[in-house]
Amino acid sequence: MAVPAAVAKRAAGLRRKLEDANHRYYVLDDPAIPDAEYDALLRELEALEAEHQALASADSPTQRVGARPLQEFGEVRHALPMLSLGNAFSEQEVRDFVARIVAGTGDGDPVFSVEPKLDGLAISLRYERGQFVRGATRGDGASGEDVTANLRTIKAIPLRLRGEQLPAELEVRGEVYMPRAAFEKFNARAREHGEKPLANPRNGAAGSLRQLDPRITAKRPLAFFAYGLGAVEGWKLPPRHSQMLAGLREFGFPVAPEAGAANGADGLLEYYRAIGGRRDALPYDIDGVVYKLDRFDQQNAMGFVSRAPRWALAHKFPAQEQSTTVEAIDVQVGRTGAITPVARLAPVNVAGVVVTNATLHNADQIERLDVRVGDTVIVRRAGDVIPEVVRVVDDKRPARTVRFAMPATCPICGSRVAREEGEVVSRCTGGLFCPAQRAQALIHFASRRAMDIEGLGDRIVEDLVDLGLVRTVADLYRLDVADFVAMRRRADERDGTVPETVKAGKVASKWAENLVAAIDRSRNTTLERLLFALGIRDIGESSAKTLAKYFGALDPLVAADESALLEVPDVGPIVAGRIAGFFREPHNREVIAALRATGVHWPEGPPQRSAEGPLAGKTVVLTGALSELGRDEAGAQLAALGAKVAGSVSKKTSFVVAGEAAGSKLDKARQLGIEIWDEARLLEFLRSNLAP
DNA sequence: TGGCCTCGAGTTCA
DNA sequence: CTCGAGGCCA
């Protein structure tokens, strides 16, 4: 039965729309239509194809949903073998590599194409006259497994090439991977449904491709980046690798946006460091970067050694995941009483740093990981540097381990531990009765952003509290040199240590003199610092500043009731309650009176209820290292000009000041098209506006 | 009521 | 830096 022309036309139109949507989403990274609309179009096309058999075709977007399960994978011989790359872990190896290229090509400063090395699964895709006909895993390099049906389900892989002049034969090599966000989402769903989550994105990608049932693969969020070629027939290759990548993009393949060019060993190393610095901000896992000689004629001149090209190098990052064992699980008590479990680990080197502790965050996290003392665990340095336990290696769990339970009473003071309805954290209810909370409150009080008492670190504070020399923050101002010297002696006796300070009595008192002087200096402070230092719950630097400005002086703030506090910007019922509650407490009023009595003072003035200055109404975010000023100082100066200095970038941000090695905040600013200043511009602006 | 947008709190190691 | 939760706006 012939297909009516109008129906054929509609089907062709739908296919084009769906292909374009895929292309924009995966290749141009610029989604054009919402998912729901995509699904609607896809369903319409399916209906048409079901009704008119003659419309069906192998390269239709409807053919991605997953064919029948296979019995086993066929074997595919690669027309050109899939090579592996030489590895480098050190700077010297990279320099040697460049030196070999310079010697081999006679080019004193050859250009390299550089790209991130994705942590996924290498595959080869074969296109004949523009149609995707077969895809295979790398296997041993000479032949791999035929995973065509699974690859068809990956929307980032074109089923037919774009463009007018299509090569008779084209083999594209690249990496199938699972984007991190998709991995997280997939696992969250899996857990909800009580299914086994994937261990990591790499295993997720590899496991998904090796499913015999493509319908399972179709449900996995896989993506693809192209990075090279195999056999080619009927395409005139451009002279450079980078141009070839651009050509692949024209054909409809996604190429890693971080790909670029560099020259000289220093250029390569700079790229390595730049990508390394952004590693955790990238949407996918990478395990290094790849350098390839850009000119194909130079590649040919370099040739191969055994199975690896001499014109390319994989520069790997140091392993960032390691396994170690859990020696103990302790709990820490924070300033607000928050009880945080911490895993004490057998020391292990992760990405160049010896890790011995890793936070387990809270009861939920422990529950999810089920970490137990004696377990072997995989540790990773997440985010920037902070180690975290990724998972437990189940096979290595020793016999007779017990599930960790949050303590019912505070390990320091014995008070009840409570977890409030809907909250994630458990807290010690002891308040300032708890020595741990008292010590933390004092450490916070003395910290740089609060009263800035130099030299009064956590060790000293803990000793002061332990030995009962200090109960409230006001007590700090009553200490003299003799007190500190005595404290040090008693602490040493208690610990059985006899440090050098005792041998040289003079040194000991010098240390104490410095401390007393630092405490004395802190008497001269600002209302803003004092409010922050008091440690009222939910009052951080930002709220303290708002309150100080809004009230101008302490007494009106202390006297303010909840309804007056609600008038303050960014203060809602909860925070208003916390503030009023704090100042209602007689103990807190006494401490404030005592602070004043010992000479703690700050300038007071009239209430300032609207910002002024050249930057009034502007919101500024600082990121990266500012060499001239430092972040804090720059922030203070900007604030003095009326700007609001915020911690994270959003569309309300007026501009971002980016210093050296700026990270995700800079990326986000670029994404949102927010104005970006470098340090020079900031300094220039501050100078011309005469910041005080 | 829901969905941002912030801020606050906690955390590691050299 | 990241997560959780408070505040604010639609």
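Sequence lines set the chain letters: A, B, ... in the order given, protein chains first and strands last, and positions in each chain run from 1. The structure presented is a predicted model; accordingly, all values stated were derived computationally and were not measured.
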query: C:dC8 C1' sits how many Å from A:Ile574 CD1, rounded?
result: 13 Å
- prompt: A:Glu562 has an atom CD; how far is it from atom C1' of C:dG6, in whole Å?
  reply: 15 Å
message: Is it true that A:Thr409 and A:Arg416 share a donor-acceptor pair across their side chains at a distance under 3.5 Å?
response: no
message: If I compare all heavy atoms of A:Cys413 with all of A:Cys410, which pair ends up nearest, and what's the gap?
response: N-SG, 3.4 Å
field: Residues A:Asp119, A:Lys117: salt bridge by 4.0 Å N-O rule
entry: no
Check: A:His444 ring centroid to A:Phe532 ring centroid under 6.0 Å: yes
query: Looking only at side-chain N and O atoms, does A:Gln332 come under 4.0 Å of OP1 or OP2 in B:dG10?
result: no
Nearest to side-chain heavy atoms of A:Thr336, which nucleotide of C:dC8, B:dA9, B:dT12: B:dA9
- request: Select one nucleotide: of B:dG10, B:dT11, C:dG6, the one nearest the side-chain heavy atoms of A:Asp538.
  value: C:dG6
Nucleotide of C:dG6, B:dG10, B:dC13 approaching A:Thr340 most closely (side-chain heavy atoms): B:dG10
- request: Would you mind telling me which residue lines up with the more 5' stretch of DNA chain B, A:Arg335 or A:Asn357, judged by nearest nucleotide?
  value: A:Arg335
field: Atom pair distance, as rounded to whole Å: CZ in A:Arg380 and C1' in B:dT11
entry: 16 Å
- prompt: Looking at the side chain of A:Pro573, which of B:dG8, C:dG7, B:dC13 is the nearest nucleotide?
  reply: C:dG7
query: Which whole-number value in Å describes the distance from A:Phe532 CZ to B:dG8 C1'?
result: 9 Å
message: So does A:Thr472 get a backbone contact from the side chain of A:Asp475, meaning a donor-acceptor N/O pair under 3.5 Å?
response: yes
- line: Looking only at C:dG6, B:dC13, B:dG8, the nucleotide nearest the A:Ser542 side chain is B:dG8
message: Can you measure A:His444 atom NE2 to B:dA9 atom P for me and round it to whole angstrom units?
response: 7 Å
task: Using atom CZ of A:Arg537 as one end and atom P of C:dG4 as the other, report the distance to the nearest whole Å.
output: 16 Å
query: Expressed in angstrom and rounded to an integer, what is the separation of A:Arg427 atom CZ from B:dA9 atom P?
result: 9 Å
query: Does A:Thr359 make a side-chain N or O approach to OP1 or OP2 of B:dG10 shorter than 4.0 Å?
result: no
query: Looking across every strand, which nucleic acid part, if any, lies under 4.0 Å from A:Val425 by heavy atom: base, sugar-phosphate, or nothing?
result: nothing
- prompt: Whole-Å distance between B:dT11 C1' and A:Arg344 CZ?
  reply: 12 Å
